[in-house]
Amino acid sequence: MIKAAITAVSAYLPEYVLTNKELETMVDTTDEWITSRSGIKERRILRDKDKATAFMATEAAKSLLKKRNIAATELDLIIVATVTPDYQYPATANIVGDAIGAGDVWGFDVQAACSSFIYALETGARYIESGRYKKVMVIGADKMSSIIDYTDRNTCVLFGDGAGAVLLEPSTDETGIIDCKMYSDGSGRKSLFQKAGGSLHPSTAETVANREHFVTMDGQSVFKIAVIKMADVAEEMMQRNKLSSEDVAWLVPHQANKRIIDATAHRMGISTDKVMLNIQRYGNTTSATLPLCLYEWESQLKKGDNLILTTFGAGFTWGAIYIKWSY
Ligand code: UT7
């Protein structure tokens, strides 16, 4: 069977750094509270009003092409994982394709909240495995600051903006994306959602006045289930692939809360030096957390390393992917 291999990784982060100290001047919070409850110290914010998710995705895509030394026209498919598309339609993938000069390459967006990237990665991998597609770009990008209420201390301290991209190509050896398990449970939808702006509650003066176009989260109930499900699925991925904790070179967890990550690593029996953790610098960038980790740790990865990627997000959605690193 053809396997999909990640053959290059890239990222884009906006320059502006929003620190916990600055947040202290915006809402009733403290650096101590944010750090101890979430592990976050600062996050990046795309402040330019004319730029949004497609811009960050495009920057990541351009540097990915450069790195792999291929032309945009060589791409067969672009998948963008995002909860903050530039528009309801067209898809952000279409805008990125145009911006990088990929001609009339097809593409689409995938939305599964904080699990968007692994849903998109699994989707992209399947296209490669079909044998019909040779180069699939999967991008995770979110301008979370566009849907965050900076008067709500429950959410505004947690999120940041950013983008990461990977290129999928057919593997030439035994490495690549080996296994994947995804889950969702829509009964949890009201614990973390955006009330208005969809077809159920279209935008009106009232929905705007009621601040219903922002992230609404019952943090505690999301936390309780996230801690269990992310650890469950990571452990399941190890068990079904007969991987011991020694076999796992890296845990690549969604960066929502350091305590959730610690619990997952603990359940897997993995020490902290094998956990990719950059939440302190970027916060929760939703669809971008996993490719941002891969990008930052790329130079430490070795061919054949076993990586477990895992996420939990709104929906609820969660899952894990097992990758044998290809370069
Ligand atoms: O990526 C998608 C999935 N999202 C997640 O996984 C997020 C999951 N949830 C969490 O990470 C945590 O629940 C939070 C970091 C959001 C909150 O941590 P917590 O330990 O669950 O705190 P809490 O919600 O139980 O709040 C404890 C207290 C409350 O005050 P009272 O009611 O005890 O007086 C909150 O009002 O902390 C208060 N609080 C804050 N205080 C200072 C909430 N936000 C803040 C804040 N600064 N920013």
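When a ligand or atom number is given, it counts from 1 through the structure's own listing order. Numbering starts at 1 and runs along the sequence shown.
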Take atom 29 (C) of ligand 1 and look for protein heavy atoms under 4.0 Å from it; say yes if you find one, no if not.
no
Going by the atom numbers of ligand 1, which of them fall below 4.0 Å from some non-hydrogen atom of Asn284?
1 (O), 2 (C)
Just checking, any donor-acceptor pair under 3.5 angstrom between side chains of Asp152 and Thr155?
yes
Heavy-atom donor-acceptor pair, Asp109 side chain to Ala81 backbone, under 3.5 Å
no
Validation row, ring centre Tyr12 to ring centre Phe55 under 6.0 Å:
yes
Counting non-hydrogen protein atoms only, what is the nearest one to atom 38 (C) of ligand 1? Give residue, atom name and distance.
Arg153 NH2, 3.6 Å
Pairing donors with acceptors under 3.5 angstrom, does anything connect the side chains of Thr82 and Asp142?
yes
Determine whether the side chains of Ser116 and Gln111 contain a donor N or O and an acceptor N or O closer than 3.5 Å.
no
Can you tell me which portion of Thr29 lies within the under-4.0 Å heavy-atom range of ligand 1? Options are side chain, backbone, both, or neither.
both
For atom 15 (C) of ligand 1, the closest protein heavy atom turns out to be Asn257 ND2, 3.6 Å
Look up atom OH in Tyr16 and atom CG in Asp48, then write down how far apart they are to the nearest 0.5 Å.
14.5 Å
Could you tell me whether Ser38 and ligand 1 have an N or O pair separated by under 3.5 Å?
no
Look at atom 18 (O) of ligand 1 and say which protein heavy atom is nearest, naming residue and atom and giving the distance to 0.1 Å.
Arg259 NH2, 3.5 Å
Check Glu296 with Arg281, please: is the shortest side-chain N to carboxylate O separation under 4.0 Å?
yes
With a 4.0 Å cut-off on heavy atoms, does Ile260 reach ligand 1?
yes
Atom 11 (O) of ligand 1 within contact range, any protein heavy atom under 4.0 Å
yes
What do you think, any protein heavy atom under 4.0 angstrom from atom 22 (O) of ligand 1?
yes
Just jot down the ligand 1 atoms closer than 4.0 angstrom to any heavy atom of His254, in number order.
1 (O)
Could you check whether Arg189 makes a cation-pi contact with Phe316, meaning its NZ or CZ is under 6.0 Å from the centre of the six-membered ring and within 45° of the ring axis?
no
Just heavy atoms, cut-off under 4.0 Å: does Leu158 contact ligand 1 by side chain, backbone, both, or neither?
side chain
Give me the residue, atom name and distance of the protein heavy atom closest to atom 43 (C) of ligand 1.
Asn154 OD1, 3.2 Å
Please indicate whether any nitrogen or oxygen in Gly219 is less than 3.5 Å from any nitrogen or oxygen in ligand 1.
yes
Looking only at protein heavy atoms, what sits closest to atom 2 (C) of ligand 1 is Cys114 SG, 3.1 Å
For ligand 1, does Leu192 get within less than 4.0 Å through its side chain, its backbone, both, or neither, judged by non-hydrogen atoms?
side chain
Look at atom 24 (O) of ligand 1 and say which protein heavy atom is nearest, naming residue and atom and giving the distance to 0.1 Å.
Gln220 CG, 4.2 Å
Would you call Arg43 and Glu22 a salt bridge, taking side-chain N to carboxylate O under 4.0 Å as the test?
no
Nearest-contact summary for atom 4 (N) of ligand 1 - protein heavy atom, Å:
Val222 CG1, 3.7 Å
Between Thr30 and ligand 1, is there a nitrogen or oxygen pair with a distance under 3.5 Å?
no
If you measure from the Lys or Arg side-chain nitrogens to the Asp or Glu carboxylate oxygens, is any gap between Arg211 and Asp149 under 4.0 Å?
yes
Please say whether the positively charged group of Lys324, taken as NZ for Lys or CZ for Arg, lies over the ring of Tyr322, i.e. under 6.0 angstrom from the six-membered ring centre and within 45 degrees of the axis.
no
Go through the steps for Asp86 and Thr92 under the test side-chain hydrogen bond (donor to acceptor under 3.5 Å, both in side chains), then give the verdict.
CA-CA 6 Å; Asp86 281 29; Thr92 309; 4.8 Å; no
What class does the angle between the rings of Trp106 and Tyr133 fall in, given that below 30° is parallel, 30 to 60° is tilted and above 60° is perpendicular?
tilted
So, for atom 34 (O) of ligand 1, does the protein have a heavy atom nearer than 4.0 Å?
no
For Ala256, counting its heavy atoms only, list the atoms of ligand 1 lying under 4.0 Å from any of them.
1 (O), 5 (C), 6 (O)
Check ligand 1 against Val157 and write out every atom of the ligand that is under 4.0 Å from a heavy-atom position of the residue.
48 (N)
Among side-chain atoms of His213 and Thr207, is any donor-acceptor pair under 3.5 angstrom?
yes
Answer side chain, backbone, both or neither: which part of Trp33 comes under 4.0 Å from ligand 1, heavy atoms only.
side chain
Just to confirm my output: which protein heavy-atom neighbour is closest to atom 19 (P) of ligand 1, and how far is it?
Arg37 NH1, 3.6 Å
Carboxylate-amine/guanidinium contact Lys41 Asp31, below 4.0 Å
yes
Non-hydrogen atom of Asp28 closer than 4.0 Å to ligand 1
yes
